[in-house]
Amino acid sequence: EPPRYRLLDSPRVFARERLAAAGELDTIAARHARAMRSLYESSCDSLIRSGTPAVAAFATMDADLDNAQAALQWAQTHDEQTAASLTMGIGTHLALTGSGMALPQHLTPADLPYERLPCGQVSLWSWAINRARSLVAIPVGREWADRAIAHARAKGDVPALCIALASLADFLPPGSLEAARVFDELHALDDPSMAPMARSGAPLAEASHRRKLGDFPAAIACVQRALALISETGVRNGIWMVQSWLIGINLAAGRTAEVLADGLPLLEQLQGTRNETALGICRRAVVTALLANDDLARARQLAQVGWRQDA
């Protein structure tokens with residue numbers, strides 16, 4: 001990997017001042033924003049493609065996250081389409097790595113020509129919105145899932161369609177006819193040759209439905225299947241999030257021994273990370289399991305003491 005260089009704040013500010021004085025700041029900022037848009041669009045889309053290491057795609061987005069956020073800040077007042085694309089790319093990246101945030105949907109205009117964006121990015125964005133609504137109170141409906149499905153069907157993009165259908169499933173009433181049709185199609189589309197991340201959406205969505213229906217053994221089996229798929233990618237943040245969801249379902253099933261056996265070691269692994277999604281789910285489940293077992297001392301300690309996060 002080629003070396004990367006960072007500009008200190010003083011020369012950075014001086015360079016911006018000189019560009020502004022020369023009337024070239026917007027020209028350079030537009031070029032920078034387009035470059036970041038292209039990088040995030042291609043990286044997000046590659047996550048669901050076979051033969052593309054997901055770890056490498058996340059590393060690419062991680063390395064340029066500050067650049068992308070700076071580009072987004074400029075694009076918000078100069079280039080609506082680029083701002084929308086960067087919002088989708090950055091939001092998807094943060095959601096898939098477990099970073100807690102409320103997705104700024106107002107930056108994705110309703111008339112965005114999403115047909116011009118990669119299918120994978122649109123589908124993963126719909127999934128990111130769906131996951132975010134379960135963590136923070138944001139008004140969101142099935143619109144983006146429907147758009148992602150239409151886009152993937154129009155392009156004949158099966159991996160993107162699988163993610164979009166899985167996203168839609170989470171908006172449907174468990175046991176409904178529409179949900180049954182969606183899962184039937186997901187089962188028919190499943191193909192071992194697809195990228196693991198593209199295949200993992202279906203069992204996660206099905207686990208959510210099984211849990212709501214009270215079928216905890218089936219829900220646990222679905223999450224375990226998703227965990228096996230995500231583990232193939234080697235993406236630690238993704239593995240940790242699915243492990244935390246499994247711990248949460250075990251808690252709902254009253255399996256407190258399993259919650260503590262899996263949750264306490266996972267909390268240790270999550271120290272020093274920024275995976276707020278996995279940390280929050282796992283920590284709440286472990287505290288609840290400890291209280292259920294009358295282990296007040298450890299429950300109080302976990303409830304009161306924060307977990308260190310490295311910068």
Side-chain angles (χ1 to χ4, degrees), residues 44-52 54 92 95-96 98 118-134 140 142 144-153 155-235 237-249 252 277 281:
C44 283
D45 188 70
S46 72
L47 291 172
I48 62 170
R49 307 301 173 191
S50 295
T52 304
T92 298
L96 293 177
C119 288
Q121 184 187 32
V122 177
S123 291
L124 286 170
W125 170 247
S126 73
W127 185 91
I129 290 176
N130 178 43
R131 291 293 150 181
R133 77 186 178 96
S134 67
V140 59
R142 55 180 283 177
W144 271 105
D146 287 327
R147 291 171 184 170
I149 290 171
H151 189 24
R153 290 197 194 283
K155 298 293 185 180
D157 192 326
V158 174
L161 179 59
C162 289
I163 292 293
L165 287 169
S167 176
L168 175 62
D170 277 341
F171 289 96
L172 304 177
S176 65
L177 289 176
E178 187 176 8
R181 287 195 295 269
V182 166
F183 285 122
D184 284 344
E185 184 171 4
L186 281 168
H187 295 156
L189 291 173
D190 188 44
D191 183 345
S193 67
M194 282 196 300
M197 190 163 291
R199 300 180 65 202
S200 66
L204 287 174
E206 189 169 355
S208 178
H209 277 244
R210 297 291 186 182
R211 176 178 179 172
K212 292 173 183 176
L213 292 170
D215 189 352
F216 292 110
I220 290 169
C222 287
V223 179
Q224 288 173 336
R225 187 160 67 252
L227 180 57
L229 288 167
I230 292 296
S231 295
E232 292 181 26
T233 69
V235 178
N237 279 309
I239 294 169
W240 288 333
M241 282 195 291
V242 178
Q243 286 176 327
S244 72
W245 291 331
L246 179 57
I247 290 167
I249 292 179
T277 299
I281 294 172

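The first residue in the sequence is number 1, and the count goes up from there.
Smallest separation of non-hydrogen atoms from Ala148 and Ser126: CB-OG, 3.9 Å. The shortest non-hydrogen separation linking Asp45 to Pro118 is OD1-CB, 3.6 Å. Nearest approach of Pro196 to Glu232, heavy atoms of both residues: CG-OE1, 3.5 Å. Among all heavy-atom pairs drawn from Leu172 and Val182, the shortest one is CD1-CG2, 3.8 Å. Between Ile249 and Ala207, the shortest heavy-atom distance links the atoms CD1-CB, 4.4 Å. For the residue pair Ala166 and Ala202, the shortest heavy atom distance occurs at CB-N, 3.9 Å.
The SG atom of Cys119 lies 12.0 Å from the CZ atom of Arg153; values are rounded to the nearest 0.5 Å. The structure places CZ of Arg199 at 12.0 Å from CG of Leu186, a figure rounded to the nearest 0.5 Å. For the atom pair Asp184 CG and Leu177 CG, the distance stands at 10.5 Å (nearest 0.5 Å). Distance CD1/Ile230 to CH2/Trp245: 8.0 Å, rounded to 0.5 Å. Atom CG in Asp146 sits 14.5 Å away from atom NE2 in His151 (nearest 0.5 Å). How far CZ of Arg147 is from CG of Leu168: 13.5 Å, rounded to the nearest 0.5 Å.
Partners of Phe183 under the ring pair (Phe, Tyr, Trp, His ring centres under 6.0 Å) rule, at least two apart in sequence or in another chain, are His209.
Looking at heavy atoms from C-beta onward, Lys212 lies out of side-chain contact with Pro173 at the 4.5 angstrom threshold. A 4.5 Å side-chain heavy-atom check between Arg210 and Phe216 finds every atom pair outside the cut-off. By the 4.5 Å heavy-atom criterion applied to side chains, Leu165 and Ile149 are counted as neighbours. At a threshold of 4.5 Å between non-hydrogen side-chain atoms, the residues Ile281 and Ile247 do not count as touching. Residues Asp157 and Arg49 are in side-chain contact: their nearest non-hydrogen atoms beyond the backbone lie under 4.5 Å apart. Side-chain atoms of Ser123 and Leu161, non-hydrogen and from C-beta on, never get closer than 4.5 Å to each other. At a threshold of 4.5 Å between non-hydrogen side-chain atoms, the residues Asn237 and Leu96 do not count as touching.
In this structure, Thr277 contributes its side chain and Gly98 its backbone to a donor-acceptor pair below 3.5 Å. The backbone N or O of Ile163 sits nowhere less than 3.5 Å from a side-chain atom of Ser167 that would complete a donor-acceptor pair. Remark: the backbone N or O of Asp170 is not paired with any side-chain donor or acceptor of Ser208 at under 3.5 angstrom.
Salt-bridge annotation for Arg142 and Glu178: present, with a side-chain N of the basic residue lying under 4.0 Å from a carboxylate O of the acidic one.
Side chains of Glu206 and His187: a donor on one and an acceptor on the other come within 3.5 Å.
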